K.L.:
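Have a look at this one before I ask anything.
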Amino acid sequence: MSTANVDDRRQLGRMRIASVLEATTLAILVLVAVPLKHAFGMPGLVAIMGPIHGLAFLFYIWMLIQSHFQIGWSTREWVRMVLCAFIPLAGFVNERLLKHRQDALAAA
C-alpha cells in the first residue's frame with residue numbers, strides 16, 4: 001500500500017469525524033435548541049449550541065478544504081459535501097459515503 005493511499009485514508013477518517021461532529025451539532029441546534037427557544041422562550045441552549053456548532057462548522061470546512069486539495073475530489077463531490085453542511089442530518093449520510101470511499105482505498 002502506498003504512502004499516499006495511507007495518507008488519503010487518514011484524511012478521510014478525519015473528514016468523517018468532522019462530518020459527524022458538524023451534523024450532530026447542527027441537528028441539536030436546529031431540532032432541539034431553536035424549537036425550545038421559540039416555543040418555550042428558553043434561549044439558553046441556543047446560546048450554548050450556536051458557538052459550538054460554529055466551531056464544528058469551521059472545523060468541517062477546514063477538513064473539507066484539506067481533503068479537497070489532498071485527495072482531489074470532483075466538483076460534484078465537493079458540492080455534495082458543502083451542501084451536507086447546511087442540511088440537518090445530511091452529514092451522517094456524508095459520513096457513510098466517506099466510509100465507503102475509505103474502505104475502497106483500504107481494499108486497493
Side-chain angles (χ1 to χ4, degrees):
M1 188 177 304
S2 71
T3 304
N5 194 333
V6 171
D7 291 341
D8 289 353
R9 285 180 43 224
R10 286 184 183 144
Q11 184 62 31
L12 286 169
R14 289 187 293 268
M15 189 66 216
R16 287 176 58 204
I17 291 167
S19 187
V20 168
L21 182 64
E22 195 279 332
T24 301
T25 60
L26 180 60
I28 292 169
L29 183 63
V30 171
L31 301 175
V32 178
V34 171
L36 283 175
K37 176 182 177 180
H38 292 289
F40 301 105
M42 300 170 59
L45 192 54
V46 170
I48 295 167
M49 286 308 302
I52 292 171
H53 172 66
L55 290 173
F57 179 78
L58 291 174
F59 176 63
Y60 178 81
I61 295 299
W62 178 247
M63 286 292 103
L64 185 59
I65 291 167
Q66 283 184 342
S67 297
H68 175 68
F69 286 108
Q70 180 175 333
I71 298 169
W73 283 330
S74 68
T75 302
R76 183 178 180 203
E77 289 174 306
W78 172 259
V79 169
R80 174 184 52 87
M81 286 189 268
V82 169
L83 289 177
C84 283
F86 295 96
I87 302 170
L89 306 177
F92 296 111
V93 174
N94 188 46
E95 187 275 334
R96 290 286 85 197
L97 295 170
L98 291 167
K99 181 175 182 355
H100 290 306
R101 185 161 182 171
Q102 191 178 29
D103 291 345
L105 281 174

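Nothing fancy with the numbering, it's 1 onward along the sequence. What you see is a predicted model, and the numbers here were worked out from it, not measured in a lab.
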K.L.:
What donor-acceptor contacts under 3.5 angstrom involve side-chain atoms of residues 38-57, with partners at least two apart or in another chain?
P.N.:
from: His53; atom 1: ND1; to: Thr25; atom 2: OG1; distance (Å): 2.8
from: His53; atom 1: ND1; to: Leu26; atom 2: N; distance (Å): 3.4

K.L.:
What distance separates His100 NE2 from Asp103 CG, expressed to the nearest 0.5 Å?
P.N.:
7.5 Å
K.L.:
Could you pull out all residues at least two apart from Trp78 that satisfy side-chain contact (heavy atoms from CB on, under 4.5 Å)?
P.N.:
Leu64, Ile65, His68, Val82
K.L.:
Are Asp7 and Arg10 packed together at the side-chain level, in the sense that at least one heavy-atom pair is separated by less than 4.5 angstrom?
P.N.:
yes
K.L.:
Between the main-chain N or O of Ile61 and the side-chain N or O of Glu22, is there a donor-acceptor pair closer than 3.5 Å?
P.N.:
no
K.L.:
Heavy atoms, side chains only, cut-off 4.5 Å: are Met81 and Leu98 in contact?
P.N.:
yes
K.L.:
Got a sec, which pairs hit salt bridge (Lys or Arg N to Asp or Glu O under 4.0 Å) with one end in residues 76-93, sequence neighbours left out?
P.N.:
Glu77-Arg101
K.L.:
For residues 54-65, which residue pairs qualify under side-chain hydrogen bond (donor to acceptor under 3.5 Å, both in side chains), counting only residues two or more places apart or in two chains?
P.N.:
Tyr60-Asn94
K.L.:
Rounded to the nearest 0.5 Å, how far does CE of Met15 lie from CG of Leu97?
P.N.:
11.5 Å
K.L.:
Can you name the residues that form a side-chain contact (heavy atoms from CB on, under 4.5 Å) with Glu95, not counting sequence neighbours?
P.N.:
Arg16, Ser19, Val20, Lys99
K.L.:
For Ala23 and Gly91, which heavy atoms make the closest approach, and how far apart are they?
P.N.:
CB-CA, 3.6 Å
K.L.:
Which residues pass the side chain to side chain donor-acceptor pair (under 3.5 Å) test with Arg96, not counting sequence neighbours?
P.N.:
none
K.L.:
Atom CD in Gln70, atom CG in Leu12: separation rounded to 0.5 Å?
P.N.:
8.0 Å
K.L.:
Within this structure, what is the OG1-CG distance for the pair Thr24 and Leu89, rounded to the nearest 0.5 Å?
P.N.:
9.0 Å
